[in-house]
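Throughout, residue positions are numbered sequentially from 1 according to the sequence presented. Keep in mind the model is a prediction, meaning the values are calculated, not measured.
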Amino acid sequence: RNRRRRARRLREQRALAATARHKFAEGLKLAEEVYQVDPAALDALAVIADARLELGDYDGADRAVRELEAKASKPAPPAVLVRTARLAEL
């Protein structure tokens with residue numbers, strides 16, 4: 001179980017690193033793999049939202065941000081608010 005958790009976390013970190021390097025398609029693929037296995041992985045969901053936005057999939061980004069808002073703690077943390085604001089600008 002710990003091994004799987006570490007593997008998931010490593011894949012999540014790779015997704016974050018890929019998007020930081022502007023490799024959005026790669027980051028999206030990795031983040032979606034993580035999120036499919038662990039729907040509680042909010043960092044992966046945030047990467048999904050960011051990557052979709054950067055790839056021009058505004059509807060997909062909006063869905064991911066809405067899901068992130070629903071799952072995040074209340075009040076919404078700054079990371080969620082920033083993503084909501086970015087989408088509102090479009």
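Nearest approach of Ala64 to Arg52, heavy atoms of both residues: CB-NH1, 4.3 Å. In terms of heavy-atom proximity, Ala31 sits nearest to Ala44 at CB-O, 3.5 Å. Across all non-hydrogen atoms, the minimal contact from Gly60 to Asp57 is N-OD1, 2.8 Å. For Pro77 against Ala72, the heavy-atom pair with the smallest separation is CD-CB, 3.9 Å.
In this structure, Glu33 and Lys29 have side chains that are in contact, with non-hydrogen atoms separated by less than 4.5 Å. With a 4.5 Å cut-off on side-chain heavy atoms, Leu28 and Val47 do not count as touching. Side-chain contact between Leu87 and Val65: present, with at least one pair of heavy atoms (C-beta onward) separated by less than 4.5 Å. With a 4.5 Å cut-off on side-chain heavy atoms, Arg11 and Arg8 do not count as touching. The side-chain heavy atoms of Val80 and Arg83, taken from C-beta on, include no pair separated by under 4.5 Å. Counting heavy atoms from C-beta outward, Thr19 and Glu54 have side chains that stay 4.5 Å or more apart.
Atoms OG1 and CZ, on Thr84 and Arg86 in that order, are 11.5 Å from each other to the nearest 0.5 Å. Going from atom CG of Leu68 over to atom CZ of Arg63 covers 14.5 Å, rounded to the nearest 0.5 Å. Between the CD1 atom of Ile48 and the CD atom of Gln36 there is a distance of 9.5 Å, given to the nearest 0.5 Å. Rounding to the nearest 0.5 angstrom, the gap separating the CG atom in Leu53 from the CG atom in Leu90 is 6.0 Å. The structure places CG of Leu42 at 9.0 Å from CD of Glu67, a figure rounded to the nearest 0.5 Å.
Using a 4.0 Å cut-off between a side-chain N of Lys or Arg and a carboxylate O of Asp or Glu, Arg9 and Asp43 qualify as a salt bridge. By the 4.0 Å N-to-carboxylate-O rule, Arg66 lies close enough to Glu69 to be salt-bridged with it.
No more than 12 heavy atoms of other residues, nucleotides or ligands sit less than 6.0 Å from atom CZ of Arg4.
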